[in-house]
Amino acid sequence: MTNSRLFVPLSCVLIFSVLVGIGFIIPQWAMFLATMALAKGLVALGIVILMRAGLVSFGQGLYFCIGAYVSGLMANWTGITDIVLLSILGVLVSVILAAICARLLSGYRGIFFAMLTLSLSMILYGALSKMSIIGGTDGLNVSAPTFLGYAPEGRALGFSLYFYTCLVSVIAGGLIRVYFNSERGLTTLAIRDNELRVEYLGSSVKSAISSGYIMAAAVGGLGGVIAGLAIGHVDPEYAYWTTSGEFVFVAILSGFFSIGAVFASSIVLEVVRSFSNLYFPNTWQLVLGVFLLIVILLLPNGLGSLFSKRRRKGGSE
Amino acid sequence: MDLLAVILVDGLIYGAWLFIVSVGLTLTFGVLNILNMAHGGLYAIGAYTTATAVGIYFANGGDAFPLGSYAVMVFAALLVAVVLGPLLERGLLRHFYDRDHVVIVLVTYGIFLILEDVMKLIWGVTPLFVSEPYSLLGNVEMGPLFYVTYDFLVIGVAIVAGLAVWYVLNRTRQGKVVLAVIHDREMSRTMGVNVNKVFMVSFMAGVFLAALGGALTAPMISVSPGISVNVIILAFAVVIIGGLGSIEGAAIGALFVGIARAASVHMLPAAELFIIYLVMAAVLVFRPEGLFPKTEARKI
Amino acid sequence: MNTAESSTADFVLQAKNLNKAFGAVIAANEVDVAVPRGAVWSLIGSNGAGKTTFVNMVTGYLRPDSGTILFNDKDITGLAPRNITRLGISRSFQIPQLCAELTALENMLVSLSSANEQASFFRPAHSTQSVANATEMLERFRIVDYRDRTMAELPAGVRKLLDIAMAITGEPQVLLLDEPTSGVAAEEKYPLMDLVMEALDGSNVTVMFVEHDMDIVARYSQRVLAFYDGQIIANDTPDNVMQDDSVRRYVTGGAVATPGGV
């Protein structure tokens, strides 16, 4: 990275301006697609945080679902529709739940970690499916959000949501970049390589993994809040393991070197999904599976490694 | 018949079924170190192939000898194993053996996704029914309750499958070679063991067991898209409870979960869906690596 | 050497009746030793004699079956490695434990951030100050030329030095070196030990190193612990230990200097 401490904030402002600019020219369906892609990109970003510690979470759908249900239930029960308030609540609930789960999970690695995270999200899926007071498997509808008192409709609503999503995505991305570059961030990367050494240097691997997991839950919950509001409907499918599988897919496609690549991969996935829904309605998973195998085989470090000078011979930050 | 006995019988039947659908998963992990997410897909293909094969059997005069449909079921599972086992292992998985465990899990996830749609392309999305083998053996009366005799056949198959795997691994020369490969892949290779062949055959055995699970299940359910997903989640839980790679563990894990689920169905129906995870979480709190963990060597 | 050796108060590290068995193998049998502050000691013995087990128990990788370990008179038996490191006991490894995908500089930065009491989520790991500190450390060990190389590109000797450099970043009071010269070409062994001793010069760090090469033992250590079958069979100056009958029989095999390690 560059030495200037202004680099991260400046690139955030630049990216945000470009995104909003694009918002003025694209049609409404594309804006919805971009909103969803960014929201899901946030969830995938959580997986990338954990990937840097050498872990793959197959259950980020858990927090995606929690965030979505928080926004849905709050709107239905208390009438709160303010998107900022809902985001804060969604993140808060996710973080609290993650802090509890982290105690169990931080002792596990590799496939155990992957499968346990998967199981946790499936518990939520099972529980929600059985709870008929909040819609059971049908889920529930979410009313349109308001933005600090502003209650847009139609295209203005779509644009406001897109604007908000760009804003929080860029802020979250910037903060996570700062974390990746930080002392803790580097230690996490070291854990991926050699956990034993990190313990012997006096750092707690468990606490590093727990904090990564909690951060991942926070962005997962945030993505869920936005997705729930954008779609206007939530159901237990948000916590289903194939939903989590798509987030993993995005993380694998992007690799863990570039945060921009995470959102780019998420957009790629949404675009491919739209087209394959249109032209090959019954082979979406086939396309996804083949794509996944190709990426793992040909791009082991993800799209991000194509743009990052990070891993080149002799290259340094 | 009192509640306890009902729970035990139901639990045993369900546990036996769980064992059949998960023993292949633990076997594949034990030998190849692969946690195969496609296991559920292979199970579903076993069910579909059985549905088709048994359908053909009865359409072509199978009624004269209906018990022959059981042989057709086993044959269908074998067919799946012989065709898909080598194709997946030799054609795909072996290219990833030097990569991280988690990467291989993702590769099998990719295979799972592909199989899901391939099944839809071959068999369509309308459910298939082949209930003949299920009702063939009639019912058994136990106190005031009737059980379908087929359910006890499932218990029998589970016992035979478990004993067969145990016998082959521990009492035959080929099994000892497999154990040697499990213990030390590189050393076995230098001793002249054809590790590639061991891998392929073991993977085929895993596929066969998955497909056999599907074959046995096909007559009991409507075979439709989505059956693979539930199975893989259940099998994971059973295998993690038992300790990855342990056959005994899978047996005990399946029994645990089977009885816990039966108890929940009769006493607390709302918890049925996630009782299995509660059992898993409880086991892991006390035994973080499952009931029968693999031992690990000192690192420094 | 520190003259305080006789005044019992200044033992930085004490092991009392340590026992450890792996099944039928006894890796530590009533190991009892007191190390004065600032001493440089070596540990010798054939493979499996219990040297690494001793190091692993002191640094918390293994918990002794019985016995206690005192560090500055504080009981540290059974603490986790990171807590022991935080207290001031650090170690290097027989096979260097480095982060393979990181560069030499980044490996040093990892140890610098870990040495911080509170590593930060915001402070950049690559701050000018940290990079300067890390680079200076690499210079001290004369491996600064490899600063931006990843592990795969480093020669064995450089890896060893980097491993040791990482261990001393946190300014430990006790440093345990597990076979610092094993896997290093014969002509590089002395320069390597010289560099390590030079880097530690004046810091009053207590050093214990596992070594197979008797010349290195004689040259760099003030006292030698000879291990056999999990027991300490000799605890004396290098000259005396090498004259010792049981040491000659069980450890050095009569000949002096077994070159190389494992």
Side-chain angles (χ1 to χ4, degrees), chain A residues 51 54-56 58 101 103-105 107-116 118-132 192 194-197 200 240-242 244-246 248-249 251-252 276 280-297 300, chain B residues 29 33-35 37-38 40-41 92-93 95-96 99-121 124-125 225-226 229-230 232-237 239-240 244 269-278 280-281 284-285 288-290 293 299-300:
Chain A
M51 269 168 69
L55 297 168
V56 174
F58 236 99
C101 295
R103 294 187 64 84
L104 170 76
L105 290 170
Y108 290 95
R109 306 288 180 269
I111 39 186
F112 272 93
F113 184 86
M115 290 306 126
L116 284 175
L118 185 153
S119 309
L120 287 175
S121 74
M122 288 306 287
I123 292 178
L124 181 69
Y125 172 79
L128 289 176
S129 306
K130 285 272 171 178
M131 288 163 98
S132 42
R192 176 194 172 79
N194 196 333
E195 197 178 299
L196 186 77
R197 182 69 204 220
Y200 266 109
Y240 205 57
W241 71 298
T242 46
S244 300
E246 287 183 16
V248 172
F249 176 85
I252 296 290
S276 80
F280 318 99
N282 266 329
T283 53
W284 158 239
Q285 299 191 89
L286 182 72
V287 172
L288 198 63
V290 172
F291 205 6
L292 180 63
L293 292 184
I294 291 174
V295 171
I296 294 175
L297 200 60
Chain B
F29 184 83
N33 248 329
I34 293 175
L35 189 62
M37 277 210 170
L92 209 53
L93 288 173
H95 300 292
F96 301 94
R99 304 276 286 273
D100 194 74
H101 273 193
V102 176
V103 172
I104 301 188
V105 172
L106 294 170
V107 171
T108 62
Y109 177 59
I111 297 173
F112 168 84
L113 291 174
I114 294 170
L115 291 182
E116 281 296 278
D117 279 351
V118 167
M119 278 185 273
K120 280 185 210 153
L121 291 176
V125 290
V229 174
N230 290 329
I232 189 62
I233 301 282
L234 290 172
F236 275 141
V239 163
I240 283 184
L244 277 170
E272 187 208 327
L273 265 175
F274 51 89
I275 189 81
I276 188 165
Y277 302 108
L278 285 183
M280 186 172 91
L284 289 179
V285 166
E289 306 263 301
K299 288 179 204 135
I300 49 173

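Since this is a predicted model, take the numbers as computed values, not measurements. Values below: all heavy atoms of this structure, side chains included; hydrogens, waters and symmetry mates excluded. Every chain is numbered from 1 and lettered A, B, ... according to where its sequence line falls, protein lines coming before strand lines.
- The choice from B:L284, B:I240, B:L92 that makes the most heavy-atom pairs within less than 4.5 Å of chain A is B:L284.
- Residue contact with chain B, scored on non-hydrogen atoms closer than 4.5 Å, involves the side chain of A:F58 exclusively.
- For B:P269, the part lying under 4.5 angstrom from a heavy atom of chain A is the backbone only.
- Scanning both residues, B:K120 and A:Q285, for their nearest heavy atoms gives NZ-NE2, 3.6 Å.
- Within the 4.5 Å cutoff, the side chain of B:M37 has heavy atoms near those of the B:V105 side chain.
- Contact detail for B:F96 and A:I296: the closest heavy-atom pair is CE2-CG2, 3.6 Å.
- With chain A as partner, the option from B:V103, B:L106, B:L121 having the largest number of non-hydrogen pairs under 4.5 angstrom is B:L106.
- Heavy atoms closer than 4.5 Å to chain B are found in the side chain of A:L292, but not in its backbone.
- When side chains are defined from C-beta on, A:F280 does not count as touching A:L286, because their heavy atoms never get closer than 4.5 Å.
- Residue contact with chain B, scored on non-hydrogen atoms closer than 4.5 Å, is absent for A:L120.
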If you apply the rule side chain to side chain contact (heavy atoms under 4.5 Å, CB included), what do you find for A:Y108 with A:L55, and how did you get there? CA-CA 9 Å; A:Y108 290 95; A:L55 297 168; over 6 Å; no
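- When A:Y125, A:W241, A:F291, A:F112 are compared by the number of non-hydrogen pairs under 4.5 Å with chain B, A:W241 comes out ahead.
- Pairing each heavy atom of B:A237 with each of B:M280, the nearest pair is CA-SD, 3.7 Å.
- A distance-only check finds no donor-acceptor pair linking the side chain of B:R99 to the backbone of B:I104 [under 3.5 Å].
- Contacts of A:F249 with chain B are absent, with no heavy-atom separation under 4.5 Å from either backbone or side chain.
- The shortest distance between side-chain heavy atoms of B:T108 and B:L35 does not fall below 4.5 Å.
- When B:D117, B:L113, B:V107 are compared by the number of non-hydrogen pairs under 4.5 Å with chain A, B:D117 comes out ahead.
- Counting heavy-atom pairs closer than 4.5 Å to chain B, the top residue among A:I111, A:L116, A:L118 is A:I111.
- Heavy atoms closer than 4.5 Å to chain A are found in the side chain of B:I232, but not in its backbone.
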